[in-house]
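Nothing here was measured: the structure is a model prediction, and the numbers come from that model. Each ligand, and each atom within it, is numbered from 1 in the order the structure gives.
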Amino acid sequence: MDEKLKKATEICERYHQEQLLDAYKRITSEKEKQDFLDKILTINFKQIEEIYEGKNENKVKFTNENVEPIDFVDKCKLSKDEYEKYEKIGVEKIKSGKLAVITMAGGQGTRLGHNGPKGTYDLGLASHKSIFEILTDTLKEAREKYNVDIPWYIMTSDDNDEETQDFFHKNSFFGYPQKCVNFFKQGKLPMVDKNGKILIDENGRIKEASDGHGGIFQSLRKDGVLFDLKSKNIEWVFIGGVDNVLVKPVDSVLIGLTCSRKAEAAGKSIIKASPTEKVGVFCKHNGKPSVIEYSEISKGMAEERLPNGELKYKESHILCNLFSWQAIEKISTQKLPYHKALKKATFTDKNGKVIIPDEPNAYKFESFLFDAFESLDNIVILRVKREEEFAPVKNKEGQDSPETARKLYIDFHTKQNSEK
Ligand code: UTP
């Protein structure tokens, strides 16, 4: 037996993943057979087994004993002097080219169900702007205001990189200088079925999915973006998701406040609307900044109120964060925990038949960006107004859908124009 095949067979048998060897046998092209074996030899089977078994997840991580609310600054309550002081510092940083923006667009957007990368979705405005064009508007506006080209990095995944880049090219980068826009791909991990068996995709290859937004830090290092940022003398990096059409990536007050506090990072928060709203909340966990994801908060903690009637944990994390270059460099060398998410995934069964499931059937392994906060000593939380900065596009309809985001977007811009 060929050496490579022998090694792959040993590994698959050791980790009870023999279905991969059956899939290998079904491949007819010699080149594809070799690629398949190479792929097997790059997989960290032990890691996959551990994540599947939940060994790296601490199920009772957040308890009343180790969690407390985190301090925050309310942007609306800053005095005129404070506001102007922070703004001045931030403007100086922006004008001197110290800020870069990263948009995370590597997600699958399964809930929206749009046929294409989420950023290419037409929000349904009279202008028919796509989400990517709406995001570009914020950078074009900042370019005009501060007379500086802000480098923009877009994180894609293997699944949507080509389509995303094509979309920008076809639309001439929506009028933003092409030289300022960079794309990089995030990492991926194999998907497993409910029994922990690695799946085969519809093309007979190992089924993989992007490794969550927490994968950004390692990808920034691996893809050379960290180095690129350094060579451009970037000090601050705003990292946000692709699906908030009211995101403000260039925020002088946020930058100024973070610099003044000598913090390594910052996060924007909005007040949680109700105990059951599906948002994570900032907190302190064992004295360190952290976020409790909505799926991980206990009912008691979610409903707990302060004597004044407000929710005790109410500073919602909206995936709008600012990191110093040093903080990213530090985090990029660390391992973040993986979480399991049950998703619908098309696969090839043991008879070589392609199955399109109606129900979630497979686990995707994801790390979360906010798990990185615990390795930082100090992050600043800036509470902002929901109606000014948060209009997520998550679901096809109902809450956090294109319809609700469109309304929030129109209301905000109508108000802004009437105030001009
Ligand atoms: P979500 O957690 O909402 O996931 O991502 P999603 O993939 O967009 O949508 P669903 O859950 O499949 O419906 C929040 C942000 O993080 C990015 C997404 O593109 C979005 O901007 N993200 C998520 C990544 O860049 N990579 C990932 O692996 C996951």
Side-chain angles (χ1 to χ4, degrees), residues 51 101-121 123 130-132 134-135 138 152-161 163-165 167 182-191 207-220 222-223 225 237-247 249 267-268 277-280 291 293-296 316-321 336-346 357 360-372 389-402 404-405:
I51 313 173
V101 170
I102 301 181
T103 298
M104 298 186 294
Q108 290 175 301
T110 43
R111 286 169 289 170
L112 183 64
H114 165 56
N115 185 17
K118 213 189 238 186
T120 64
Y121 188 84
L123 192 62
S130 62
I131 297 181
F132 276 137
I134 291 170
L135 300 185
T138 62
W152 187 17
Y153 297 82
I154 299 173
M155 182 169 83
T156 61
S157 68
D158 236 8
D159 288 341
N160 69 20
D161 182 70
E163 243 184 296
T164 303
Q165 295 211 36
F167 190 72
N182 311 271
F183 299 89
F184 68 103
K185 277 200 253 179
Q186 72 172 107
K188 49 191 184 168
L189 283 173
M191 288 185 85
K207 176 105 187 162
E208 292 183 292
S210 41
D211 58 0
H213 43 60
I216 186 171
F217 300 105
Q218 284 191 15
S219 300
L220 286 172
K222 202 165 49 64
D223 295 356
V225 181
V237 183
F238 178 90
I239 303 182
V242 72
D243 50 13
N244 174 9
V245 294
L246 282 182
V247 67
K268 289 191 183 183
E277 190 185 11
K278 288 187 170 176
V279 283
V291 169
E293 191 45 336
Y294 65 87
S295 50
E296 292 181 349
S316 308
H317 174 252
I318 53 170
L319 209 52
C320 289
N321 298 301
L336 298 180
Y338 287 102
H339 306 254
K340 280 192 292 195
L342 198 55
K343 301 258 177 183
K344 265 197 263 178
T346 302
N361 61 315
Y363 287 112
K364 176 183 183 216
F365 301 133
E366 298 182 299
S367 61
F368 297 155
L369 173 135
F370 46 78
D371 277 332
E389 306 216 15
F390 192 52
V393 181
K394 297 281 182 197
N395 305 309
K396 208 177 181 59
E397 44 204 26
Q399 222 179 4
D400 300 340
S401 64
T404 54

field: Numbered atoms and elements of ligand 1 in range of A105, under 4.0 angstrom, heavy atoms
entry: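 Counting from 1, the qualifying ligand atoms are 19 (O), 25 (O).
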message: Could you tell me, atom by atom, which parts of ligand 1 come under 4.0 Å of a heavy atom of G106?
response: 19 (O), 24 (C), 25 (O), 26 (N)
message: Among residues at least two apart in sequence or on other chains, which ones pass side-chain hydrogen bond (donor to acceptor under 3.5 Å, both in side chains) with N321?
response: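 H317.
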query: Who are the ring pair (Phe, Tyr, Trp, His ring centres under 6.0 Å) partners of F217, not counting sequence neighbours?
result: F323
task: Nearest heavy atom to atom 26 (N) of ligand 1 wins, so pick from Q186, Q108, M104.
output: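 The nearest heavy atom belongs to Q186.
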field: Closest candidate by heavy atom, reference atom 20 (C) of ligand 1, pool T103, T110, V247, D243
entry: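 Comparing heavy atoms across T103, T110, V247, D243, the nearest one to atom 20 (C) of ligand 1 lies in D243.
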Top protein contact for [atom], by heavy-atom distance:
atom: atom 3 (O) of ligand 1; result: K394 NZ, 2.6 Å
atom: atom 15 (C) of ligand 1; result: L319 CD2, 3.6 Å
atom: atom 6 (P) of ligand 1; result: G109 N, 3.6 Å
atom: atom 8 (O) of ligand 1; result: K118 NZ, 3.2 Å
atom: atom 19 (O) of ligand 1; result: G107 N, 3.0 Å

statement: Nearest heavy-atom approach of T404 to G398 is CG2-O, 3.5 Å
